[in-house]
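Positions are given from 1, in the same order as the sequence printed here. This one's a predicted model, so the numbers in the text were calculated from it and none came from an experiment.
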Amino acid sequence: MFKIKTNKIAGGGICAALCLAFLFGGSFIPAKLAILFITSIIMGVCILRYRGSAAFAAYFAVSVLSVFILPNKLMAWSYAALFGIYPLIKLYIEKMRSIVAEYIAKFIVWNLHLVALYVVLSAFGQNSLMDLGTFWAYFAGIIMLLAYDLVFGICINSLYKTYYKYLK
C-alpha cells in the first residue's frame, strides 16, 4: 500500500479542496475551460510539492467527490478524464528524458482518451457524433493538446523556478 507522511496527506487534502472549490465555482461561470486549466495547475503544484502518491490520492478524491457534488457533471467528468489525470501522466512521461519518446507517449495517451470517449459515446447511442466533422475535430484536438501541454509546462516551470524554496 502507499506510505504517505501526514504532511503530504494534509497538503494533498488542501490541493483537493482547492480543486473542488474551483470546480464548484466554475460550474456557475462561463469560463469552464479556464477553471479546468487552473485545477490542472493546482494538481501540478501538488505533484511538485508532495510527489506522486499524495497527488494521486488528491486526484482520486477530487474525481470521486466532483461526480457527486458538482451540479455540472460534464465538468466533473472532464476533470476526471483529462485535466486532473494529465499532470500525473505528464510526470511519468517526462521521466523518459527524450523529447521524441515523450511526444509519442503523449500522443498514445491522447488517442487512448479518444478511444475511451468513442466507447462511452457509442454506449449511449451517440454514434452520429463520429463522422467527418469528428475527423477534423480530432486533428484540432491534437493541436489543442500540444498547446495545453506547452502552456501547462511553461506555467509549472515558472512556478517551480519562482517558488522553488517553498516547494521543498
Could you go through the side-chain contact (heavy atoms from CB on, under 4.5 Å) check for Phe37 and Cys155 one step at a time?
CA-CA 11 Å; Phe37 184 76; Cys155 289; 4.1 Å; yes

Between Leu23 and Leu36, is a side-chain contact (heavy atoms from CB on, under 4.5 Å) present by the stated rule, with each step listed?
CA-CA 7 Å; Leu23 288 171; Leu36 286 167; 3.7 Å; yes

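For residues 59-81, the set of pairs meeting the salt bridge (charged side-chain N to carboxylate O under 4.0 Å, His left out) definition, not counting sequence neighbours, is empty.
Legend: residues meeting side chain to side chain contact (heavy atoms under 4.5 Å, CB included) with Cys46, ordered by chain and number and at least two apart, are Cys15, Tyr50, Ala55, Ala58. Residues satisfying the side-chain hydrogen bond (donor to acceptor under 3.5 Å, both in side chains) test with Asn111, not counting sequence neighbours, are Tyr138. Every residue meeting the side chain to side chain contact (heavy atoms under 4.5 Å, CB included) condition with Pro71, not counting sequence neighbours, appears here in chain and number order: Phe24, Ser27, Phe28. With sequence neighbours left out, Glu94 forms a side-chain hydrogen bond (donor to acceptor under 3.5 Å, both in side chains) with Lys90, Lys106. Applying the side chain to side chain contact (heavy atoms under 4.5 Å, CB included) rule to Ile35 yields the partners Phe22, Ile29, Ile38, Met75; only residues at least two apart in sequence or on another chain are considered. Shown here are the side-chain hydrogen bond (donor to acceptor under 3.5 Å, both in side chains) partners of Tyr79, two or more places apart in sequence or in another chain: there are none. When the side-chain hydrogen bond (donor to acceptor under 3.5 Å, both in side chains) test is applied to Ser40, the partners found at least two apart in sequence or on another chain are Tyr148. Listed by chain and residue number, nothing satisfies the side chain to side chain contact (heavy atoms under 4.5 Å, CB included) test with Ala21 (two or more places apart in sequence, or in another chain).
Rounding to the nearest 0.5 angstrom, the gap separating the CG atom in Leu48 from the CD1 atom in Ile156 is 5.5 Å. Between the OH atom of Tyr163 and the CZ atom of Arg49 there is a distance of 15.0 Å, given to the nearest 0.5 Å. Atom CZ of Phe60 is separated from atom CG of Leu65 by 9.5 Å, given to the nearest 0.5 angstrom. Atom OG of Ser78 and atom CG of Leu70 lie 10.5 Å apart (nearest 0.5 Å). Distance CZ/Phe68 to OG/Ser66: 9.5 Å, rounded to 0.5 Å. Between atom CZ of residue Phe107 and atom CD1 of residue Ile142 there is a gap of 4.5 Å, rounded to the nearest 0.5 Å.
Side chain of Asn157 to main chain of Gly153: a donor-acceptor pair is present (N/O by atom type, distance under 3.5 Å, no hydrogens or angles). In this structure a side-chain-to-backbone donor-acceptor pair under 3.5 Å is missing from Tyr59 to Ala16. Side-chain atoms of Thr162 do not come within 3.5 Å of backbone N or O of Leu159 as any donor-acceptor pair.
Counting non-hydrogen atoms of neighbouring residues, nucleotides and ligands closer than 6.0 angstrom, the CE atom of Met144 reaches no more than 12 such neighbours.
In the hydrophobic clustering, where aliphatic and aromatic side chains (Ile, Leu, Val, Met, Phe, Trp, Tyr) are joined below 4.5 Å either directly or transitively, Ile154 groups with Leu150. In the hydrophobic clustering, Val67 connects to Trp77, either directly or through intervening members, whenever side-chain heavy atoms lie under 4.5 Å apart. Hydrophobic cluster of Ile108: the remaining members, joined at side-chain heavy-atom separations below 4.5 Å, are Val100, Ile104, Leu112, listed by chain and number.
Taking 4.5 Å as the limit, every side-chain heavy atom of Leu20 sits out of range of all side-chain heavy atoms of Thr39. For the pair Phe83 and Leu33, the minimum side-chain heavy-atom distance is below 4.5 Å. At least one side-chain heavy atom of Lys32 sits less than 4.5 Å from a side-chain heavy atom of Asn72.
Under the 4.5 Å side-chain heavy-atom criterion for grouping Ile, Leu, Val, Met, Phe, Trp and Tyr, Trp110 is not connected to Ile143 through any hydrophobic cluster. In the hydrophobic clustering of ILVMFWY residues, with side-chain heavy atoms under 4.5 Å counting as a link, Val64 and Ile42 come out apart.
Residues Lys8 and Ala54 share a closest heavy-atom pair of O-CB, 3.8 Å.
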